[in-house]
Every structure is written in C-alpha cells, then in structure tokens.
Amino acid sequence: MIVIEGCAIATVDAGGTEHADGHIVVAENRIVAVGPGPYRGDASVTTVDGRGCLATPGLVNTHHHLYQWATRGYAQQEILFGWLKELYPVWARLDAGIVHAAASAGLAQLALTGCTTSTDHHYVFPRDGGDLLAAEIEAAAEVGLRFHPCRGSMDLSEKDGGLPPDSVVEDTDAALAATKDAIDRFHDRSFGAMVRIAVAPCSPFSVTPRLMEEAARLARAEGVRLHTHLAETVEEEHYCKEVHGCTPVEYAERLGWLGDDVWLAHAVHLDPAAIAKLGATGTGVAHCPSSNGRLGAGIAPIRDLLDARAPVGLGVDGAASQEAGELGAELRQALYLARLRGGPAALTARESLALGTMGGARCLGRADELGSLEAGKLADIALWDLNGLGHAGIADPVAALVFGPAAPLRLLLVNGRAVVQEGALSTVDTSAIAGSLARAARGLR
Ligand SMILES: [Zn+2]
C-alpha cells in the first residue's frame, strides 16, 4: 500500500470535492480511500510526504501523433495544408525504429508533465516500414503510461482529389484489414486495461467516405471507439462544402460518425447547429489549444461545447505542430484561449483541470475507471510540487497549478506504479531517449 498525505487534493469528482490537507490510499493498482486529514490506518505502509503539493487525477491526453517527435521544427510559418504537404514526403520514410524513438520521447515528455493516459493517432504506414503500432506500444510499456493507440489510415491521395501524395496512403481494404488486425492483437477490454485500440481514419481530405463508413461499422462490431480529425481549419470547411456540399459536422453525421463512442480532434470551426449536434449525440472533442495556435487554425468554442454537454478533453497534438508536447501546460493554454474568445469568465481554473482529467476520461469511454480521485478507481495520480519559486504564495493550489508555470511532479503514479519521482522518470533514461530521437530525426532529414 502507498499513502500520500499532507497534500491538497482536487478530486475532480462529480461534486468537485477538494481537501486543503488530505490523504489518498492506494492498494495495488486501485485507489482505496481519499479523505481529509492524515491517514489513520496501518503504520507499516509506504508514506509519501505531500506537504506543499497538490494531488490531482493523472492527466489524459486525447490527441497525439507520437511519430511526429522525429519531425519537429518543420514548416514553421505554414497553415495546416501547407504544413502537411511539406511533411508527408518526410513521413513516407518512417520505420519501426524511428517510431519507437519518437514515441519514447513523446511519452516521456507527457509523463514528466502529469499525463498518465495517452492516446496516439498513427495514420502513416509506409510499405516496408515494419510493425509501427507494435513499436509504439512497446515504448508506452517501457515508459509506463496507459496507452490508447488509434489505428489511423488514409486512402484518398492527390490523384483522387485528396491532399496526401500516393506514397503515404493505403488501399482501402488493406487499411480496414490492418485495423481489424490491430484490434485482435492489442485491444484489452478488461477493467484497468493498459492498452486499448481505437479506429481512426485521418481526416475528410485524406480519407474516402467508404473508408469512414466501413471503419465505423468495424469499430461498432468490435466495441471499440472511433477517432478522427474534424473541423480543424477554414480550408477544411471549404473543402467539405465544395466536395460534399455540407459542413464537416454534417459530413460526419452522414457517415455515422457522431455518437457517444466517437471523439473528434480539434472541432474549431463549428456553427451553432454543429455544437448542438455534438452535445445531443455525446460526441467528444479533443481540444488542442497549442497546436491550434502554432498553425493559426482558430479558437475552438469550448465554452459553448461544455454548455451543450459535449465531453471535452485536452490534447497536445503531434509534436510537429506543437513542439513542446507538454500536457500540463495545456491546462493554461486552454484557459487562455477560452478567455481570448469569451472573456475572463469563459473558463475557470477548475474547469480547465476537469478538461484535462475527467473530460479526457469521458472522451476515451473510461469515466468509470479514470479521471477523478475516488475509491475504486485506478491509481493514476499526479502529485504536483507547488513549493518552489513558480507557485509559492498562491493560496489556491488549483489556481497555482493552472495559472502558474508548469509544476514539477513529486510523484506520478500510473496503475499504482511510480513512473515519475522527484521530477525525474524512474522507468527510462531520458538522455538515452533524447540521443535516439536526435539520430532518428537526423536520419529522416
Ligand atoms: Zn492531429
């Protein structure tokens, strides 16, 4: 058993319960108690001194492209379409070694910034590239994060009116077969699963309607979730209107891609009807504020989506459009963007923390296992150290975490295991990972 005590606790449960000074008890991979004051049970347990710290649920990253850690810093002044066109030919040379190096780096950075569960949306599978999904799943097991790789796909190339070149798209049937294979090999349906697969054709301008429809049928037959990019840019909206005669959300609806088993990356350009539809269908949104800023894509209407009761989580997005890859920092970015759009009352610090925790758990269909600190849930816990220069003197610990600079972690538990201790990873060697990443990036360039 592990007992964390002496810390402030923001449980992010349905009632917003907080303790100014409380304790959390962990047995194996579960939380068994959360409460105020010191722990008064068995004295032989391992105790973590949480004084000056804030315990929150581990953060959930709802959108990423880990392979992009090997292609950071490209296309620095481009909008999405120009950025993609510069990067597609580079990504055509990916292989399993590069993906392992990039995924290790991206996941290590996520763990160091409070993330305990991450998705990944991998949609580039060059012929002869090797087993890319297995490579990133291996990296997640080494770093120690709970992992939801989304088997992406693209089957609409330039010659058929899409954006990507032939070199990075797959045949429709081959993509569907490989997706089914990924579910058979890796998807774990059990409570507390460390790996779950989602079905994830890439975007309206790189995927045929047939692949979208058949992917949705496959996912529902297998009981796995659906993920894709939608309504990210004005250019995508123009594309949908021109090619399909409707908005991106109407297009998704037509293809069977709205529902409480779907979450969409970005959802920036939404009219009121689209917001109402996402809310009514329980379709989730992965909000990626830094990526939207880097590509100048726009500001997602997060306040309106929350008011419409759509699940909203946070995502760092791929590191080629968000070189920092820090999930903790997205709490502040989300708050800033919401306020730039809707004024200072548009999002509170506690609402931002809820996006990064329970909102993400809802997007992944795991609200009964993750996203809040409650007895019975999985022991995915971030213990943020607020003793230092960046946070000292801020009376409200949640405000310190969200408004302040990125806080170091005294402890990060994933499934009850200490993945970060005193600000450093205890599972992998970050300098070795940085070395492999630099070699992989140089090789691609
Ligand atoms: Zn993305």
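We count ligands from 1, going down the list as the structure has it; atoms in each ligand are counted the same way. Just so you know, these numbers come straight off a predicted model, no measurement behind them.
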- Under the side-chain hydrogen bond (donor to acceptor under 3.5 Å, both in side chains) rule, what do Asp166 and Ser157 come out as? Steps first, then yes or no, please. CA-CA 5 Å; Asp166 269 353; Ser157 74; 2.5 Å; yes

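- Between the NE2 atom of His229 and the NE2 atom of His65, the angle centred on the Zn ion (ligand 1) amounts to 100° when rounded to 10°.
- None of Val285, Ile302, Leu331, Val60 except one satisfies the side-chain contact (heavy atoms from CB on, under 4.5 Å) rule with Leu314; the exception is Leu331.
- The Zn ion (ligand 1) lies at 2.8 Å or more from every N, O or S atom belonging to His121.
- Residues Thr56 and Leu54 are in side-chain contact: their nearest non-hydrogen atoms beyond the backbone lie under 4.5 Å apart.
- The atom name of the N/O/S atom in Asp317 closest to the Zn ion (ligand 1) is OD1.
- Within a 6.0 Å radius of CZ in Arg189, other residues, nucleotides and ligands contribute more than 12 heavy atoms.
- Shown here is Arg185, whose CZ atom has more than 12 heavy atoms of other residues, nucleotides or ligands within 6.0 Å.
- Backbone or side-chain N, O or S atoms of His63 reach the Zn ion (ligand 1) at under 2.8 Å.
- Residue side and main chain included, Cys288 places no N/O/S atom under 2.8 Å of the Zn ion (ligand 1).
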